[in-house]
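Each remark here refers to the structure printed beneath this line.
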Amino acid sequence: AGPEHTAPVEREIERLQARSDCPVHEDNWDAVMLFCEMETQWNVAAGFGGAARLGIHYPAAESVMRLRRVPLKRRAALLDDLQLMERAAL
């Protein structure tokens, strides 16, 4: 991906690193970054009473990991971590 595509992610990384109230253990960093990249990829149900997030659109997560060239061996573990954060967010 070109600089115009990676710049928003890099800004988010810098923002999170600058926050002293949001420590992220090094082992969890890739999963947290994937979760941040998925912010626009939530399945949403909307009706007269408003809208509710139903969960992350998993095919988009797979696409992001493929585009970011995440090794195949890491993808299942990252998806597990993503689902854990998704459940906490719901």
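Please read all numbers here as calculations on a predicted model, not as lab measurements. No hydrogens, no waters, no symmetry mates; every other heavy atom, side chains included, goes into these values.
- A distance-only check finds a donor-acceptor pair linking the side chain of E86 to the backbone of I56 [under 3.5 Å].
- Taking 4.5 Å as the limit, some side-chain heavy atom of E37 sits within range of a side-chain heavy atom of R68.
- The two atoms that bring A31 and M85 nearest to each other are O-CE, 3.1 Å, heavy atoms only.
- L84 and L78 sit in two unconnected hydrophobic clusters of ILVMFWY residues. Membership requires side-chain heavy atoms under 4.5 Å apart, directly or through other members.
- The CZ atom of R74 lies 12.0 Å from the CG atom of L72; values are rounded to the nearest 0.5 Å.
- In the hydrophobic clustering of this structure, M38 groups with V44; members are Ile, Leu, Val, Met, Phe, Trp, Tyr whose side-chain heavy atoms approach within less than 4.5 Å, directly or through other members.
- R75 places no side-chain N or O within 3.5 Å of a backbone atom of E62 that could act as its donor or acceptor partner.
- Residues passing the salt bridge (Lys or Arg N to Asp or Glu O under 4.0 Å) test with R53, sequence neighbours excluded: none.
- One hydrophobic cluster holds both L90 and L79 under the rule that ILVMFWY side chains link at heavy-atom gaps under 4.5 Å.
- In the hydrophobic clustering of ILVMFWY residues, with side-chain heavy atoms under 4.5 Å counting as a link, Y58 and L54 come out apart.
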